[in-house]
Amino acid sequence: MAESIHVPLASLLPSTSAKENPAAVSLGGLGGDRTFYIETFGCQMNEHDSEKVVGVLLRRGYRQVTSPDDARLVFYNTCSIREKAAHKVFSRLGEFNPKNNFGRESGKVIGVLGCVAQQEGEEIFERAPWVSLVCGSASYRKLPLLLARLEAGENRVAGLETDTDETFETELTQRDHPFRAYLTIIEGCDKACSYCIVPYTRGPERNRASDSILREVRELADVGYTEIQLLGQTVNSYRDPSNRHLTFSELLLAVAEVRGIRRVRFMTSHPRDLGGDIVDAIDASPALCDHIHLPVQSGSTRVLRAMQRTYTRDEYLEKIRLIRGARKQISITTDIIVGFPGETEQDFEETLSLLDAAQFDGGFSFQYSPRPHTPAAIMADAVPEATKSHRLQVLLERQRAIQVQRNQSLVGQVFEALVEGASRREMQWTGRTSSNRVLNFTSSRPDLLGEYVRVRVTGAGPNSLTGEESIE
Ligand code: 5AD
Ligand code: SF4
């Protein structure tokens, strides 16, 4: 085991006066070089958690820098959904191993946040003894306290509880996206998909009260955000814990009605809790985006049962029919896992035929990766890696052809795009349609960032559309 080189934060940080740092609280006479760097791995929930962590740090008087080399505090907000993601974290941590004399200056304070922190717990201190803070995503409410303990000179602090029924709300969230504001409405997950580590790393489901959600949406609208994305592992399983008892679709409509909000998105929906009321709400409100992310995971009922997904292939396809029956053209994206233990060639064929039947507008596919603490990790009949990767290629090709065809059918139509970026080429912009498609387009107008522009589609590829501003 490598020798421990913990340096108490207090000794690293020369003091500054509170005057220089009016937002700082509980500085305990510290200050000065309170620089921090944070890198985020994984899903949008993690991205948004990092925005909140940054908010907590800024409030405590820290300053964010863009390179770990310039930072005293280096945080990794980690993902453990698949093995590869978890490995990446340990390779990052390895860069700070004082034994490897190849670069990074020692004496930094290293913190591991998020799902790997929750999964590995204090073992991280064993594997990487130069780490000073380990805090799982279900314990972020403790983060200010843990930071205060580090500042007071403790060497190793950990927050690993998952039994809180509270959500992680902060007074200040440092949002990174200029136009779209993420907002977590459910933390954790009460489903028990047999391959998934999330219920373990993020703990049981905690719902945020609708009043608190709506208050934050109004504040976001007041400072100029026009697009809100509601987040949750199973966002549509939302149950309002307050005595207003809003259903998820009622919450969607209430968020969409906030003055200034032009787009409302939500991710990720679980098929079992997707009812007609959600589709009706999307139809009823222009601000509710025409997109549902609805992971199917497999097209074989047998595999779905082993995955404990709680629906059959036919029940899933019934949900697809419900969505396709809407007045709006709602796009549907999905997640698929190939090579789940016991998945036969026949099961995989059923996944391919489900792609044809569902006609997804996009999606993500993954090779099954066994995760600790999950029932699937000890299932028999593991599928060989080569078979998994072959199936993934076949799946990607099939889905790509579907997307090309679906996107091409949109050529000639006009869509509203929220402009998110400018291309280096003059007059070229990139935006997103309500259906969440990337739309690259030309316009001779300047300063379109953050604007809503009507664009006629002139071309289509598998993953994006091209077009020109429509002046009709
Ligand atoms: N192996 C592969 N993919 C997984 N996912 C979740 N757990 C695993 C795993 N053990 C995928 C699912 C989920 C997405 C976020 O990640 O498809 O919807
Ligand atoms: Fe994981 Fe299933 Fe919960 Fe999604 S619904 S986070 S796949 S356990």
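Quick caveat: nothing in here was measured; it's all calculated off a predicted structure. Counting starts at 1 for both ligands and their atoms, following the listed order. Hydrogens, waters and symmetry mates play no part in the numbers below; they use all other heavy atoms, side chains included.
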S.K.: Could you see which bit of Pro295 sits under 4.0 Å from ligand 2, with heavy atoms only: side chain, backbone, both or neither?
M.R.: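 The answer is neither.
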
S.K.: With the threshold set at 4.0 Å, does a side-chain nitrogen-carboxylate oxygen contact exist between Arg432 and Glu227?
M.R.: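 Not counted as a salt bridge, because no side-chain N and carboxylate O are separated by less than 4.0 Å.
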
S.K.: Please check whether Tyr368 reaches ligand 1 - meaning an N/O of the residue sits under 3.5 Å from an N/O of the ligand, judged on distance alone.
M.R.: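 The answer is no, given that Tyr368 and ligand 1 share no N or O pair closer than 3.5 Å.
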
S.K.: Looking at OH of Tyr368 and CD1 of Ile337, how far apart are the two atoms once the value is rounded to the nearest 0.5 Å?
M.R.: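 One finds 8.5 Å between OH of Tyr368 and CD1 of Ile337.
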
S.K.: Any heavy atom of Arg202 closer to ligand 2 than 4.0 angstrom?
M.R.: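 In this structure, Arg202 fails to qualify as a contact of ligand 2 - no heavy atom is under 4.0 Å.
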
S.K.: Measuring from atom SG of Cys135 to atom CG of Leu143, what distance do you get when rounded to the nearest 0.5 angstrom?
M.R.: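 If we round to the nearest 0.5 Å, Cys135:SG and Leu143:CG are 5.0 Å apart.
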
S.K.: Check the angle between the aromatic planes of Tyr311 and Tyr316 and answer parallel, tilted or perpendicular using the 30° and 60° thresholds.
M.R.: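 It falls in the tilted class, 30° to 60°.
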
S.K.: Once the angle between the rings of Phe96 and Tyr76 is folded into 0 to 90°, is it parallel (under 30°), tilted (30 to 60°) or perpendicular (over 60°)?
M.R.: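 Tilted: the ring planes of Phe96 and Tyr76 meet at 30° to 60°.
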
S.K.: Heavy-atom contacts under 4.0 Å between Gln297 and ligand 1: side chain, backbone, both, or neither?
M.R.: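 Looking at Gln297 and ligand 1, just side chain atoms fall under 4.0 Å.
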
S.K.: For the pair Glu343 and Arg391, find out whether any cationic side-chain nitrogen is under 4.0 Å from an anionic carboxylate oxygen.
M.R.: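 Result for this pair is yes, salt bridge flagged.
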
S.K.: Show me which atoms of ligand 2 lie under 4.0 Å from any heavy atom of Pro199.
M.R.: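 That gives atoms 8 (S) of ligand 2.
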
S.K.: In terms of residue, atom name and distance, what is the protein heavy atom nearest to atom 9 (C) of ligand 1?
M.R.: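 Residue, atom and distance for the closest contact: Ser369 O, 3.5 Å.
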
S.K.: Heavy atoms only: give me the nearest Ile38-Val54 pair and the separation to one decimal.
M.R.: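 That would be CG2-CG2, 3.8 Å.
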
S.K.: Salt-bridge test for Asp69 and Lys108: reply yes if a basic N is under 4.0 Å from a carboxylate O, no otherwise.
M.R.: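 Looking at Asp69 and Lys108, the cut-off is not met.
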
S.K.: Quick check on contacts: which atoms of ligand 2 are under 4.0 angstrom from a heavy atom of Gln233?
M.R.: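 Listed by number with element, the hits are 6 (S).
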
S.K.: Suppose we measure from atom 2 (C) of ligand 1 to each protein heavy atom; which comes out shortest, and what is that distance?
M.R.: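 I find the closest protein heavy atom is Gln367 O, 3.4 Å.
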
S.K.: Starting from atom 7 (S) of ligand 2, which protein heavy atom do you reach first, and at what distance in Å?
M.R.: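 Here the nearest protein heavy atom works out to Tyr195 OH, 3.3 Å.
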
S.K.: Classify the ring geometry of His48 against Tyr182: parallel below 30°, tilted from 30° to 60°, perpendicular beyond 60°.
M.R.: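 Because their plane-to-plane angle lies in the 30° to 60° range, the rings of His48 and Tyr182 count as tilted.
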
S.K.: Quick one: which ligand 2 atoms are inside 4.0 Å of a heavy atom on His270?
M.R.: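 In order of number, 5 (S).
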
S.K.: For atom 3 (Fe) of ligand 2, what is the nearest protein heavy atom, given as residue, atom name and distance?
M.R.: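 I find the closest protein heavy atom is Cys189 SG, 2.3 Å.
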
S.K.: Taking heavy atoms and a distance under 4.0 Å, where does Ile81 meet ligand 1: side chain, backbone, both or neither?
M.R.: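 The answer is both, backbone and side chain.
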
S.K.: Could you tell me whether Arg156 and Glu122 make a salt bridge, using a distance below 4.0 angstrom between a side-chain N and a carboxylate O?
M.R.: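 Here Arg156 does not pair with Glu122 in a salt bridge, since their nearest N and O are not under 4.0 Å apart.
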
S.K.: Give a yes/no answer: is there an N/O/S atom of Cys193 under 2.8 Å from atom 2 (Fe) of ligand 2?
M.R.: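 So Cys193 does bind atom 2 (Fe) of ligand 2 by this criterion.
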
S.K.: Applying a heavy-atom cut-off of 4.0 Å, say which part of Tyr195 lies close to ligand 1: side chain, backbone, both or neither.
M.R.: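 Both parts.
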
S.K.: Nearest protein heavy-atom contact for atom 15 (C) of ligand 1: which residue, which atom, what distance?
M.R.: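 In this structure, atom 15 (C) of ligand 1 has Asp335 OD2, 3.7 Å as its nearest protein heavy atom.
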
S.K.: Please test Arg437 against Ser435 for side-chain hydrogen bond (donor to acceptor under 3.5 Å, both in side chains), starting from the C-alpha separation and ending with a verdict.
M.R.: CA-CA 6 Å; Arg437 287 182 169 87; Ser435 67; 3.1 Å; yes

S.K.: For atom 1 (Fe) of ligand 2, what is the nearest protein heavy atom, given as residue, atom name and distance?
M.R.: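 For atom 1 (Fe) of ligand 2, the nearest protein heavy atom is Cys196 SG, 2.2 Å.
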
S.K.: Which ligand 2 atoms, with their elements, are less than 4.0 angstrom from a heavy-atom of Thr234?
M.R.: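 This gives 5 (S) as the contact atoms.
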
S.K.: To which protein heavy atom is atom 16 (O) of ligand 1 closest, and what is the distance rounded to 0.1 Å?
M.R.: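 Ranked first by proximity to atom 16 (O) of ligand 1 is Arg82 NH1, 2.9 Å.
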
